Amino acid sequence: MADWDIKKLRILRTLQELGTVTATAEALHMTPSAVSQQLTGLARSLGVTLLEAHGRRVRLTGAAQLVLRHAEEVFAQLERADAELLGYLQGEAGQVRVGAFSTAIPALVVPAVQELRGTHPSLAVAVREAEAEAAYELLAEGSVDLALSLAAHAPTPRDPKFTRVSLLADPLDVALPAGHPLAAAPGLRLADLAGEPWIFGSSGPWSQITTTACENAGFVPEQAHAAADWSAIWAMVAAGMGVALVPRMARAGGIRGLGRGSGVALRVLHADQPRRHVVAAARRGAEGAPGPARVLAALRRAAAAQTARGSADTAEPPETVQSS
């Protein structure tokens, strides 16, 4: 196969444009003899004659014209590659892989991706659902660039492998059957529900979050039913089978079934509002790379918007927060 030397091809193209070896040498800050040597070397490597004498000048042969037709396509592709590489270096292009737990995807990741599609359409975000431990395993092995998880289930801030960034404190509201005696009780506190049957996961992050919140309120919750899917939990609450804590992100993210008119009274616990803390993490040193940094900034904006919506919810009077 012929040796298509890009530097020598550029010299040939310049000679075509300017017409003389002397002018080509001046334009490229070379000596005329260096130009001639480079073109001779190109002709040898391609196995064709590129120049022929024409009076006191030289002109390109038909083979040289053929070479340059193909070279122009190469030059154009290199220009596109340069532009794309520059975009990548500036965080305008490339791909960022995000691992996130289920409720964070519709509430935080999807809004961030939608924003970036408008502002940086060449920057692709690949999303992978993964709970905390799995997300950090993926991050450590290089399968994702950013991991979203709950702070209680993430590596500590002192872990030298990762850099953690706090995104938001997600409030937990309590869901009761619409006809429950406490559904419209003023000043409802979590401790008021100490004797209720509770619905939460049998293991994993949500089980720990629910039990910890209730223990902080002074009681151990009696688990009547075990479920991890929010639609299933919501349906059981609506059926009068128990009460449950529901993260505000789950509702904001549009989880199916979590809405008004569903037979559930959703109450904000103003006095002792439990919260779960959501964090993002990157491999230490990689968080400043342009692509991940842009995605992280978009996630922060999505988290700020989520927090603002949550504050608006708590400003509503209790009866308007309920679903019936």
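We use all heavy atoms of the structure for the numbers below, so side chains are in, but hydrogens, waters and symmetry mates are not. Note that the numbering runs from 1 along the sequence shown for the chain. Predicted, not measured: the structure shown is a model, and the values here were computed from it.
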Quiz item: Do R300 and L167 pass the side chain to side chain contact (heavy atoms under 4.5 Å, CB included) test, and can you show the C-alpha distance, the side-chain angles, and the key distance before you say yes or no?
Solution: CA-CA 6 Å; R300 282 172 161 165; L167 291 179; 3.9 Å; yes

Self-check item: Spacing of CG belonging to L46 relative to CH2 belonging to W4, to within rounding of 0.5 Å
Solution: 6.0 Å

Quiz prompt | Worked verdict on L60 versus L51 for side chain to side chain contact (heavy atoms under 4.5 Å, CB included) | solution = CA-CA 5 Å; L60 275 61; L51 304 175; 3.9 Å; yes

Self-check item: Cluster overlap V144 with V113, hydrophobic side-chain contacts below 4.5 Å
Solution: no

Quiz item: Side-chain contact, heavy-atom cut-off 4.5 Å: L172 with L190?
Solution: no

Exercise. Any chance you could measure Y136, atom OH, to R164, atom CZ, to the nearest 0.5 Å?
Key: 6.0 Å

Practice problem: Looking only at non-hydrogen atoms, find the nearest pair between A191 and A217 and report the distance. | Solution: CB-O, 3.7 Å

Self-check item: Side-chain heavy atoms of L138 within contact of E141, under 4.5 Å
Solution: yes

Quiz prompt | Electrostatic pair R97-D145, nearest N-O below 4.0 angstrom | solution = yes

Quiz item: Taking C-beta and beyond as the side chain, do I11 and M30 meet within less than 4.5 Å on heavy atoms?
Solution: yes

Quiz item: Which pair of heavy atoms, one from L193 and one from W198, lies closest together, and at what distance?
Solution: O-NE1, 3.2 Å

Practice problem: Please test V165 against L296 for side chain to side chain contact (heavy atoms under 4.5 Å, CB included), starting from the C-alpha separation and ending with a verdict. | Solution: CA-CA 9 Å; V165 177; L296 190 55; 3.9 Å; yes

Quiz item: Does the D192 side chain pair with the main chain of R189, one donor and one acceptor, at a distance under 3.5 Å?
Solution: yes

Quiz item: Among V268, T307, L266, which residue meets the side chain to side chain contact (heavy atoms under 4.5 Å, CB included) test with R248?
Solution: V268

Self-check item: Euclidean distance, S149 OG relative to H277 NE2, rounded to 0.5 Å
Solution: 13.0 Å

Quiz item: Are V220 and T211 side-chain neighbours, meaning at least one heavy-atom pair lies under 4.5 Å?
Solution: no

Practice problem: Could you pull out the closest heavy-atom pair between P177 and G242, with the gap in Å? | Solution: CD-O, 3.7 Å

Quiz item: If Ile, Leu, Val, Met, Phe, Trp and Tyr residues are connected whenever their side-chain heavy atoms lie under 4.5 Å apart, and connections chain through other members, are L68 and I6 in the same group?
Solution: yes

Quiz prompt | Backbone of I209 reached by a side-chain donor or acceptor of T212 within 3.5 Å | solution = no

Practice problem: Determine yes or no for a side-chain-to-main-chain donor-acceptor pair under 3.5 angstrom, with T163 supplying the side chain and E287 the backbone. | Solution: no

Quiz item: How long is the span from the CG atom in L108 to the CD atom in Q306, to the nearest 0.5 Å?
Solution: 6.5 Å

Pairs of donor and acceptor atoms involving the side chains of residues 14-22, under 3.5 Å and at least two apart or interchain, shall be tabulated with distances.
unit_1	atom_1	unit_2	atom_2	d
T14	OG1	R10	O	2.9
Q16	NE2	Q65	OE1	3.0
T20	OG1	A23	N	3.0

Quiz item: Are V279 and L148 joined in one hydrophobic group, where the rule is that I, L, V, M, F, W and Y side chains link up if heavy atoms are under 4.5 Å apart?
Solution: no

Exercise. Please report the shortest heavy-atom distance between L9 and L42, naming the atom on each side.
Key: CD2-CD2, 4.0 Å

Quiz item: Is there a side-chain contact between V246 and V264 (heavy atoms, below 4.5 Å)?
Solution: no

Quiz item: Side chains of K8 and S45: does their closest heavy-atom pair fall under 4.5 Å?
Solution: no

Exercise. Taking atom CZ of R283 as the centre, report whether more than 12 heavy atoms of other residues, nucleotides or ligands fall under 6.0 Å from it.
Key: yes

Exercise. May I have the step-by-step check of side chain to side chain contact (heavy atoms under 4.5 Å, CB included) for T103 and R276, ending in yes or no?
Key: CA-CA 12 Å; T103 52; R276 61 176 189 170; 2.8 Å; yes

Quiz item: Out of curiosity, does L146 fall in the hydrophobic cluster containing L139 (side-chain heavy atoms, cut-off under 4.5 Å, transitive links)?
Solution: no

Quiz item: What are the two closest heavy atoms between C214 and P221, and how far apart are they?
Solution: CB-CD, 3.5 Å

Quiz item: Does R294 use its side chain to pair, donor to acceptor, with the backbone of L116 at less than 3.5 Å?
Solution: no

Quiz item: Between R59 and E52, is there a donor-acceptor pair closer than 3.5 Å when you use the side chain of the first and the backbone of the second?
Solution: no

Quiz prompt | Distance (rounded to the nearest 0.5 Å) between R117 CZ and L123 CG | solution = 11.5 Å

Quiz item: Short question: side chain of D170, backbone of P247 - any donor-acceptor pair under 3.5 Å?
Solution: no

Quiz item: Does the side chain of V109 reach to within under 4.5 Å of the side chain of L299, using non-hydrogen atoms?
Solution: yes

Quiz item: CE of M236 to NE2 of H225: how many Å apart, nearest 0.5 Å?
Solution: 6.5 Å

Quiz prompt | Same apolar cluster: M241 and V174, side chain cutoff 4.5 Å | solution = yes

Self-check item: Residue pair L150 / F101, side-chain heavy-atom distance below 4.5 Å
Solution: yes

Quiz item: Within the distance-only criterion (no hydrogens, no angle test), does the side chain of Q223 pair as donor or acceptor with the backbone N or O of G201 below 3.5 angstrom?
Solution: yes

